[in-house]
Engineer: 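The structure under discussion is supplied below as structure tokens; questions concerning it will follow.
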Amino acid sequence: KKSKFGYTSSLIKTLCVFKCIKFDALFNGQDKSYYSFIACVANGNVFGGGIPICPTASPFDGKLDFIAVDFKLESTFTIIIKVDINIIAS
């Protein structure tokens, strides 16, 4: 069984080596550019071992939620994380 610690430690290891990806997303008639290390469309608010990836998502509202997380390492001690959450209308 996977644990929250296992997923979290894997995420931290990945952050050290992963390169962000530039992509465009079109939702609700809006086109937006992202430079993210993770993006997903969800109808639930947790992944894996209970990691809250999209806190506003609900499987009961008839909508999908989109989340993109931008990560920028400014220096050894400065990390900038920007989260963009959008609700996709049904």
Side-chain angles (χ1 to χ4, degrees):
K1 180 178 178 181
K2 302 280 183 178
S3 69
K4 193 175 200 177
F5 175 76
Y7 282 101
T8 304
S9 65
S10 294
L11 176 64
I12 291 168
K13 289 177 192 176
T14 302
L15 288 177
C16 295
V17 296
F18 188 77
K19 303 276 191 246
C20 291
I21 298 169
K22 182 172 175 29
F23 66 94
D24 295 324
L26 175 65
F27 51 90
N28 295 337
Q30 297 176 333
D31 192 14
K32 197 166 182 185
S33 294
Y34 294 92
Y35 185 69
S36 299
F37 75 91
I38 189 171
C40 71
V41 175
N43 69 343
N45 59 357
V46 295
F47 277 1
I51 295 172
I53 190 70
C54 197
T56 61
S58 168
F60 307 108
D61 64 5
K63 299 176 182 176
L64 295 173
D65 290 47
F66 170 80
I67 183 167
V69 181
D70 294 343
F71 176 85
K72 186 175 182 183
L73 184 62
E74 289 288 318
S75 68
T76 306
F77 300 105
T78 306
I79 297 173
I80 297 173
I81 297 177
K82 178 186 169 199
V83 178
D84 186 17
I85 299 175
N86 296 281
I87 297 174
I88 302 169
S90 55

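Starting from 1, each residue takes its place in the sequence as its number. Computed over heavy atoms, backbone and side chain alike; hydrogens, waters and symmetry mates excluded.
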Engineer: Answer yes or no: is there a side-chain heavy-atom contact under 4.5 Å between Ile67 and Cys40?
Structural biologist: yes

Engineer: With sequence neighbours left out, what residues match Ser10 under side-chain contact (heavy atoms from CB on, under 4.5 Å)?
Structural biologist: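 Partners of Ser10 under the side-chain contact (heavy atoms from CB on, under 4.5 Å) test: none.
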
Engineer: Can you name the side chain to side chain donor-acceptor pair (under 3.5 Å) partners of Asp31, sequence neighbours left out?
Structural biologist: none

Engineer: Would you find a donor on one side and an acceptor on the other, under 3.5 Å apart, between the side chain of Asp61 and the backbone of Lys63?
Structural biologist: yes

Engineer: Could you state whether Phe66 and Val46 fall into the same hydrophobic cluster, counting links through intermediate Ile, Leu, Val, Met, Phe, Trp or Tyr residues with side-chain heavy atoms under 4.5 angstrom apart?
Structural biologist: no

Engineer: Please name the pair of heavy atoms, one in Ala42 and one in Ala57, separated by the smallest distance, quoted to 0.1 Å.
Structural biologist: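 Nearest heavy atoms, Ala42 then Ala57: O-CB, 4.1 Å.
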
Engineer: So which atom in Cys54 and which in Asp65 form the shortest heavy-atom distance, rounded to 0.1 Å?
Structural biologist: SG-CB, 3.5 Å

Engineer: Working to the nearest 0.5 angstrom, can you tell me the gap between Asp24 CG and Ser33 OG?
Structural biologist: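 Reported value, rounded in 0.5 Å steps: 4.0 Å.
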
